[in-house]
Engineer: 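Let me begin by handing over the structure; questions about it come next.
The analysis underlying the following values was restricted to heavy atoms, covering all of them including side chains, and did not include hydrogens, waters or symmetry mates. A note on names: the letters A, B, ... follow the listed sequences, proteins ahead of strands, and every chain is numbered from 1.
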2 protein chains.
Amino acid sequence: MGITKTQIFNVEQNQLAIIFKVLSNPARIAILQYISQQESCICNDIVDEIGLAQPTISQHLKELKSIDLIKGEIEGKKVCYCINLSKWTEVQTLLNSFFNTTKSNCC
Amino acid sequence: MGITKTQIFNVEQNQLAIIFKVLSNPARIAILQYISQQESCICNDIVDEIGLAQPTISQHLKELKSIDLIKGEIEGKKVCYCINLSKWTEVQTLLNSFFNTTKSNCC
DNA sequence: TTTATATATTGCAATATTACGATAATAAAC
DNA sequence: GTTTATTATCGTAATATTGCAATATATAAA
């Protein structure tokens, strides 16, 4: 089939899965790490840094944006991508909550 | 293509991506949550609880085992699955390290 | 207004993932 | 040893993901 049976799981489970899926690619991890280290974060720099084609990077950036992990400010003909700190912290808290809850109930 | 260019990323990036990928499915989230709540955690119980076919659950359990997030003890004809607490904590620490490092460097 | 630069979108091929039926393997019960 | 119960594996269909070339869009510069 290839399709996940989303409807049989609850909102929290699907939400966690979506977050994990966005983070489940080394290119997107590398992009996040690179963006966080830059003063000004421009897509074309990312292309040079990561070593994937420009459309591929653009697609990964779109996926990161889809859950608001990053935000892009248009500066002339460039786009300055930055980590969305509030969402970043929110996600970290959510994941820790999942890890702590699951851990503490362990038999 | 469909294949991730693993070779252009470092060990940490690939490792994080693999962990996130294992966690990127709501069925596997649900399985982890369910296992953590049970005294004795048997695959057939999981099948009843989650609502996916037995081979599907078995496959998901295999993926969770592939990074040692769970361990299965054979008890007669049943298998008792449990969260692998040491690995669980290790993964949580690793993810927090990633989140903290990436966050703190943000411009 | 043409040209150059930066990013996004589209379309496609290769591969991966999800799910399940059929079946195999294992071990207890009889 | 046969049966029953539990879990794993195989094979397969449907869908998703990854990556890129070609192209579109948008803005600045000339």
Engineer: Relative to the 5' end of DNA chain D, which residue comes earlier, B:T56 or A:R28, by the nucleotide with the nearest heavy atom?
Structural biologist: B:T56
Engineer: For B:I42, answer base if it contacts any base atom (sugar-phosphate contacts may also be present), sugar-phosphate if it contacts only those atoms, and nothing otherwise; contact means non-hydrogen atoms under 4.0 Å.
Structural biologist: sugar-phosphate
Engineer: State whether B:H60 places a side-chain N or O below 4.0 Å from either non-bridging phosphate oxygen (OP1 or OP2) of C:dT17.
Structural biologist: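 So the side chain of B:H60 is outside the cut-off, no N or O lying under 4.0 Å from OP1 or OP2 of C:dT17.
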Engineer: Taking only N and O in the side chain of A:K21, is any of them less than 4.0 Å away from OP1 or OP2 of C:dT17?
Structural biologist: no
Engineer: Does A:K65 place a side-chain N or O at less than 4.0 Å from the phosphate oxygens OP1/OP2 of C:dA8?
Structural biologist: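 So the side chain of A:K65 is within the cut-off, an N or O lying under 4.0 Å from OP1 or OP2 of C:dA8.
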Engineer: Can you say whether a donor on the side chain of A:Q54 sits under 3.5 Å from an acceptor on the base of C:dA6, or the other way round?
Structural biologist: no
Engineer: Which nucleotide in the list C:dA8, C:dC20, D:dA28 gets nearest to the side chain of B:A53?
Structural biologist: C:dC20
Engineer: Establish, with yes or no, whether the OP1 or OP2 oxygen of D:dT6 is under 4.0 angstrom from a side-chain nitrogen or oxygen of B:Y81.
Structural biologist: no
Engineer: Is the closest side-chain donor-acceptor distance between B:N44 and B:Q54 under 3.5 Å?
Structural biologist: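 No, B:Q54 and B:N44 have no side-chain donor paired with an acceptor closer than 3.5 Å.
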Engineer: From C-beta outward on B:A27, which listed nucleotide comes closest to its side chain: C:dA19, C:dC20, C:dT9?
Structural biologist: C:dA19
Engineer: Give one of base, sugar-phosphate or nothing for A:E63, where a contact means two heavy atoms less than 4.0 Å apart.
Structural biologist: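 Here A:E63 touches the backbone only, sparing every base.
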Engineer: Taking only side-chain N and O atoms of A:N25, does any of them lie within less than 4.0 angstrom of OP1 or OP2 on D:dT18?
Structural biologist: yes
